[in-house]
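Counting starts at 1 for both ligands and their atoms, in listed order. If you're wondering where the values come from, they're calculated on a predicted model, not measured in any experiment. Quick note: residue numbers are just sequence positions, from 1. Hydrogens, waters and symmetry mates play no part in the numbers below; they use all other heavy atoms, side chains included.
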Amino acid sequence: MDIYSIARAEIVAMKPYVSARNSAAADGVLLNANEAPFPHVDDAKWQRLALNRYPPPQPALLKSRLAELYGVSESNLLVTRGSDEGIDLLTRVFCRPGQDAIVECTPCFGMYRIAATIQAAKVIDVPRLIGQGFKIDFDHLEKVIDEREGVRLVFLTTPNNPTGDLIEREDLERVLRACEDKALLVLDEAYIEFCEAESASQWVKKWPQLVVLRTLSKAWAAAGVRCGTVIADPVVIGLLQRVIAPYPLAATAIDAALQGICGDAVGRQQEFVKLVRRGRAELQAFLSKCDWIEEFWESEANFILLRVPDAGSLVAWCAERGIRIRDFSSQPQLAACVRVTIGSKDDLQALKSALQSFGTHIAGDVT
Ligand SMILES: Cc1ncc(COP(=O)(O)O)c(C=O)c1O
């Protein structure tokens with residue numbers, strides 16, 4: 001598949017900016033980036049991280065650790081400011097304003113649509129089948145990729161936010177075949193660590209039309225660090241590199257990201273994933289006993305989507321008790337739905353008690 005033929009011609013033709021750190025080594029007498037020679041802050045962290053200097057554009061140690069973590073080669077990855085930045089870069093590189101389109105399967109993560117709208121790309125929705133547990137309508141999706149002009153990016157999420165369901169391997173392969181020579185399948189695996197299914201990260205070696213998004217924001221408990229990884233064919237990575245800012249990652253973020261995925265943090269991540277899975281099973285068992293809850297969807301991620309009699313009142317009820325849950329009721333197909341994150345044991349206890357009292361409250365209103 002010729003990736004260049006589906007990228008924006010201006011990006012392919014553009015001579016990319018070459019930063020000081022990209023054009024010369026970062027040692028010796030550094031007079032090539034108009035930096036200050038020393039920091040003004042007398043603090044060990046400022047000295048250790050040399051915060052007076054620009055950081056490496058793609059830090060070697062972090063890249064090599066992420067490549068090891070995701071089982072791919074370094075040429076297959078680009079480190080970004082969270083997956084949000086990956087989504088934005090892909091849309092800017094592959095969608096011509098006013099002409100090309102992205103495809104999404106709602107309900108899904110809202111940033112695909114936002115990135116497309118900012119780029120003036122069209123958004124084609126292939127709604128999920130609500131009566132079938134929000135399964136993706138793969139026949140419809142395949143037809144859209146085959147027949148609609150200008151489809152460049154197909155965003156799929158596994159497990160999906162906010163429905164929590166997984167995509168089967170055969171279905172992914174079917175979409176990948178449909179995308180051949182036309183579009184990229186962007187598979188967002190932000191929550192993949194919380195389920196038993198294997199990541200498709202390593203498939204990028206076989207499928208140049210596949211892009212996988214991974215993040216440290218969820219199972220690695222590092223949302224504040226803002227570190228995501230785009231995993232793709234080196235041609236896709238090279239094109240994104242033309243558009244990404246010269247120094248996208250702050251030195252403090254690079255340092256924190258490395259701490260977050262090395263040493264003791266690895267064992268803690270595994271414990272955390274177990275905690276979330278236990279909490280999810282416990283909450284699901286609890287929800288199935290709440291007869292006032294109309295429906296909830298079994299989740300493979302660190303959240304559960306539920307349909308309740310009055311989403312606004314439940315969100316307000318929880319807020320009065322200091323618990324913030326997310327109201328999805330204004331979104332297509334999600335009338336009366338809220339999403340709750342699986343937090344700590346104490347968080348879960350607080351949530352269960354708020355749900356219990358809300359149930360009693362509405363039962364009292366009815367009688
Ligand atoms: C499906 C999905 N993708 C990406 C993101 C954003 O990830 P990041 O924090 O890496 O930007 C989120 C955040 O909630 C998400 O739900």
task = List the closest protein heavy-atom neighbour of atom 12 (C) of ligand 1: residue, atom name, distance to the nearest 0.1 Å.
result = Phe109 CZ, 3.4 Å
Ligand-residue contact atoms, ligand 1 with Ser217, heavy atoms, under 4.0 Å = 8 (P), 9 (O), 10 (O)
message = Measuring only between side-chain heavy atoms, which start at C-beta, is Leu187 closer than 4.5 Å to Leu172?
response = yes
query = Should side-chain heavy atoms under 4.5 Å link Ile, Leu, Val, Met, Phe, Trp and Tyr, which residues sit in the same cluster as Phe38?
reply = none
ask   = Purely on distance, is any nitrogen or oxygen of Thr215 under 3.5 Å from one on ligand 1?
value = yes
key: Parallel, tilted or perpendicular: ring planes of Tyr112 versus Phe109, cut at 30 and 60 degrees   = perpendicular
request  = For Gly82 and ligand 1, answer yes if some heavy atom of the residue is under 4.0 Å from a ligand atom, otherwise no.
outcome  = yes
note = Note: ligand 1 atoms sitting under 4.0 Å from heavy atoms of Ala190 are 2 (C), 3 (N)
key: Close N or O approach (Tyr112, ligand 1; < 3.5 Å)   = no
Salt bridge flag under 4.0 Å for residues Arg307 and Glu294 = no
ask   = If you measure only the distance, is there a donor-acceptor pair under 3.5 Å linking the side chains of Trp317 and Ser357?
value = yes
message = For atom 6 (C) of ligand 1, what is the closest protein heavy atom, and at what distance to 0.1 Å?
response = Asp84 OD1, 3.4 Å
task = In plain terms, say whether Arg92 and Asp88 are close enough for a salt bridge, that is, a side-chain N and a carboxylate O under 4.0 Å apart.
result = yes
inquiry  = Can you tell me if Glu149 has over 12 outside heavy atoms packed within less than 6.0 Å of its CD?
reply    = no
message = Looking at ligand 1, is there an atom of it that comes within less than 4.0 Å of some heavy atom belonging to Met111?
response = no
remark   = If you scan protein heavy atoms around atom 13 (C) of ligand 1, the nearest is Lys218 NZ, 3.2 Å
key: Whichever hydrophobic residues join Trp297 through chains of side-chain contacts under 4.5 Å   = Ile130, Phe134, Leu305, Phe328, Leu334
task = Could you walk me through whether Phe272 and Trp220 pass the ring pair (Phe, Tyr, Trp, His ring centres under 6.0 Å) test, one step at a time?
result = CA-CA 9 Å; Phe272 173 63; Trp220 288 96; over 10 Å; no
ask   = Out of curiosity, is Arg226 lining ligand 1, as in a heavy atom under 4.0 Å away?
value = yes
note = closest protein heavy atom to atom 2 (C) of ligand 1 is Asp188 OD2, 3.4 Å
ask   = Which protein non-hydrogen atom lies closest to atom 7 (O) of ligand 1, naming both residue and atom, and how far is it?
value = Ser83 CB, 3.8 Å
message = I'd like to check which ligand 1 atoms, numbered from 1 as shown, lie under 4.0 Å from a non-hydrogen atom of Thr157.
response = 1 (C)
